[in-house]
Amino acid sequence: MAGTLTEVILERRLGRAPERGEIAIVEVDHVYLHDGTLPLALRVLEEAGVPSRPRDPGRVTVFIDHAAPAPSLAAARVHKRVREWARRNGVRLYDAGYGISHQVMVEDAIARPGMVIVGADSHTVTLGAVGALATGVGSTDAALAMVTGKTWLRVPEVLEVRLEGTLPNGTTSKDLALHLASLVGRDGAIYMSMEFTGPGLAGLGVEDRMTVSNMSVEMGAKAAIFPSDEVTRAYYNSLGVEVEELAPKPGAEYDDEASINLSSLEPMISEPPEPSRARPARELEGVEVDQVFLGSCTNGRASDYRMAARILKGRRVKTRCIAVPASRRVYNTLLREGVIQVLSDAGCTIAHGTCGPCIGAHLGLLADEEVAVSTSNRNFPGRMGSPTARIYLASPYTAAAAAATGVITDPRSLL
Amino acid sequence: MDGPIVIEGRAWRLGDGITTDHIISGKYKYAKMGRLEDMLPYLLEEVIPGFYKMAREGDVIVAGSGFGYGSSREHAARLLRMAGIRVVVAESIHRIFYRNAVNNGILPIISRVIPASTRTGDRIRVDARQGVIVNLDTGARDRFNPPPGLLMEVINAGGMVEYIKRRGLPW
């Protein structure tokens, strides 16, 4: 028994020590799907002749977040079917505008440390930030998990990422995630679980950790798990929820390791067409920018907009700037704090929580050869609209700095 | 229909980093929501224009590293199957696509030898019982580990829907 977080969580489920590489049938604590993936899940069950009623409706959540509110008649019809199915089956539905699934799963405390969670969305890995073994699957696997309460998982090898030091001013956990992506590469963690250890953890809040776990799938990872520590407990306490501590066993054995000193990081930016093409933002200064997107499941949280507001306060944007807080809770927090006012005064367009801009579904698509700086997680060709548009990924500081100046800018010069 | 135990097909050689966005762009998924068949013309449209018309039953995708990276959208695997693809051979395959391939009756094979020596149009022979893949035009040959147990049974059945129809839920 090797005692990693992944194995500690799986051992409880299986009632025995898991073996790396084995295919285990595992009980799932929660399954979630959204308007982009539930319809195919229902179609698969219908084709197979299996009733779509979940084994335990309390362990299933559905989100209308991908193209929401409906930008087309086709989407509206899908949403209607999703709502009707959820109502008929007693499944909790978060309707358009409530927020992006991964954000809501954490801030409504559905996800908790030690849980095994599958989501029909690749960024389900975000929930590793709170100590859950959470992984993305397709519609068929989510459908099966829903009706049987179980899924198959290959017990993964584990990559330890040891963190030391603290992030310098103007540098964020997004810069850590982009740096890590450049280090590990697009395929470096395929089939592996990433686990974070070391004294550097203490300086990373749950929101910071979510950004890092979120981007682990851009390195191929199955999961990216943080321990449940004082930081985690303080976060859940603020939600009025008690959670358990969760740590790897002493002497846990890892298959590979990486070590990062947070103090040595600087603002990073990923060039198209892949997140792993990250380099220091200062090396790309002067690239002209048409649109800035502040939001997504990667960087759509309150702390992210506070950073953007630090840059944009008293300035006017020189690009189009779209801010999409990841949930209504985030939006309301920012309203109370005056952050929305700062962003609006600066000239940003502010919308409700949706995945729309990140996936080119609605709210600010890019035209041919346009350039965007985005706080999201993917910069593939055509991701946000035209295949010839260029998307640069960056932190909220760096994205806001691009909005304020009209060109890629190292944000430290504006702080 | 029994799965790809032994098949011969034509290769479609793709490069590195073919994401599920390349296979089927999110913008079509959301524009054509709920109508899988309507998305078929956009399959791999920026990579091989007209692919859906040229692909035939039993064809094989041969790709470089990082195949199927990105979104969990199962539409990517399903549309490839609808276009006739039975086998995907790549230097590496991202895990959600791997699962989706299995569930849609596509055999995923990890190989470095075959992608290195294959061009579009080559004849590829796959024997999943022996775990052998051969490029019949170049003679290049590689061994592979077929997916274990249940996964291979699902592929052999033609995907999870067919598996469930014949044998009931898998667990």
Side-chain angles (χ1 to χ4, degrees), chain A residues 22-23 25 35-37 39-41 43-44 47-50 66-67 71-72 74-75 77-78 81 119-124 135-144 147-148 150-152 154 186-187 190-191 217-218 220-222 273-274 356 359-362 365 378 380-383 385 387, chain B residues 16-17 19-22 25-36 38 45-47 64-78 90-104 110 147-151 154 159-165 168-171:
Chain A
E22 77 165 299
I23 304 272
I25 309 290
D35 50 323
T37 51
L40 183 52
R43 175 170 166 162
V44 164
E47 286 172 355
V50 176
H66 263 57
S72 66
R77 287 176 178 140
V78 167
R81 282 206 340 258
D121 188 283
S122 62
H123 290 108
T124 301
T135 196
V137 295
S139 292
T140 299
D141 280 321
L144 280 177
V147 298
T148 68
K150 292 176 183 161
T151 194
W152 66 263
R154 181 181 168 282
R186 179 191 66 215
D187 309 325
I190 289 183
Y191 309 122
V217 72
E218 316 311 329
K222 157 178 276 169
E274 285 183 1
I359 52 176
H362 66 139
L365 274 67
R378 289 184 176 145
F380 308 155
R383 177 81 177 172
Chain B
D16 293 337
T19 68
T20 48
D21 278 22
H22 288 100
S25 170
K27 59 181 178 282
Y28 297 119
K29 187 167 146 230
Y30 297 101
K32 311 271 180 196
M33 280 176 97
R35 292 286 302 277
L36 205 57
D38 293 350
E45 63 166 343
E46 302 286 341
V47 184
S65 60
F67 189 81
Y69 162 43
S71 163
S72 73
R73 68 185 67 124
E74 190 168 327
H75 311 68
R78 221 177 212 240
E91 288 170 31
S92 56
I93 299 176
H94 277 251
R95 52 164 291 280
I96 302 178
F97 182 86
Y98 188 100
R99 296 183 74 114
N100 290 341
V102 169
N103 284 335
N104 286 280
I110 313 294
L150 172 67
L151 278 55
V154 171
M160 188 57 87
V161 166
E162 293 303 319
Y163 179 96
I164 293 171
K165 278 190 194 166
L169 290 167
W171 49 75

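Letters go in sequence order (proteins before strands), and every chain restarts at 1.
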Counting only non-hydrogen atoms closer than 4.5 Å, does [X] touch chain B with its backbone (N, CA, C, O), its side chain (CB onward), both, or neither?
{"X": "Thr124(A)", "result": "neither"}
{"X": "Arg378(A)", "result": "side chain"}
{"X": "Pro273(A)", "result": "neither"}
{"X": "Val50(A)", "result": "side chain"}
{"X": "Glu218(A)", "result": "both"}

If we define contacts as heavy-atom pairs under 4.5 Å, which of [options] has the most with chain B?
{"options": "Gly220(A), Gly360(A), Ala221(A)", "value": "Gly220(A)"}
{"options": "Lys150(A), Glu47(A), Arg186(A)", "value": "Arg186(A)"}
{"options": "Leu144(A), Asp121(A), Ile25(A), Leu40(A)", "value": "Leu40(A)"}

Tell me the closest heavy-atom pair linking Ile110(B) and Glu91(B), and the distance in Å.
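Closest approach of Ile110(B) to Glu91(B): CG2-O, 3.2 Å.
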
Worked check of side-chain contact (heavy atoms from CB on, under 4.5 Å) between Arg99(B) and Thr151(A)
CA-CA 11 Å; Arg99(B) 296 183 74 114; Thr151(A) 194; 3.1 Å; yes

May I have the step-by-step check of side-chain contact (heavy atoms from CB on, under 4.5 Å) for Tyr191(A) and Ile93(B), ending in yes or no?
CA-CA 9 Å; Tyr191(A) 309 122; Ile93(B) 299 176; 4.1 Å; yes

How far apart are the C-alpha atoms of Ile359(A) and Arg383(A), what are their side-chain angles, what is the distance that settles it, and do they pass the side-chain contact (heavy atoms from CB on, under 4.5 Å) test?
CA-CA 6 Å; Ile359(A) 52 176; Arg383(A) 177 81 177 172; 3.4 Å; yes

Let me know if Ser65(B) has heavy atoms under 4.5 Å from chain A in its side chain, its backbone, both or neither.
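Its backbone and side chain both get close to chain A.
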
Measuring heavy-atom distances to chain A, does Tyr163(B) have an atom under 4.5 Å in its side chain, in its backbone, in both, or in neither?
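Contact with chain A: none, neither part.
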
Identify, with sequence neighbours excluded, every residue that meets side chain to side chain contact (heavy atoms under 4.5 Å, CB included) alongside Leu365(A).
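Checked Leu365(A) against side chain to side chain contact (heavy atoms under 4.5 Å, CB included); zero matches.
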
If you define the side chain from C-beta out and look only at heavy atoms, does anything of Thr37(A) sit under 4.5 Å from Glu74(B)?
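Heavy-atom side-chain distance check fails, nothing below 4.5 Å.
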
For Tyr69(B) and His94(B), take the angle between the two ring planes, folded into 0 to 90°, and tell me which bin it lands in: parallel under 30, tilted 30 to 60, perpendicular over 60.
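Taking His94(B) first and then Tyr69(B), their aromatic rings sit tilted (interplane angle of 30° to 60°).
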
Which of the residues Leu151(B), Leu150(B), Leu169(B), Ile164(B) is involved in the greatest number of heavy-atom pairs with chain A at under 4.5 angstrom?
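Ranked by contacts with chain A, first place is Leu151(B).
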
Audit row: Thr19(B), Ser71(B), side-chain contact (heavy atoms from CB on, under 4.5 Å) steps and yes/no:
CA-CA 8 Å; Thr19(B) 68; Ser71(B) 163; over 6 Å; no

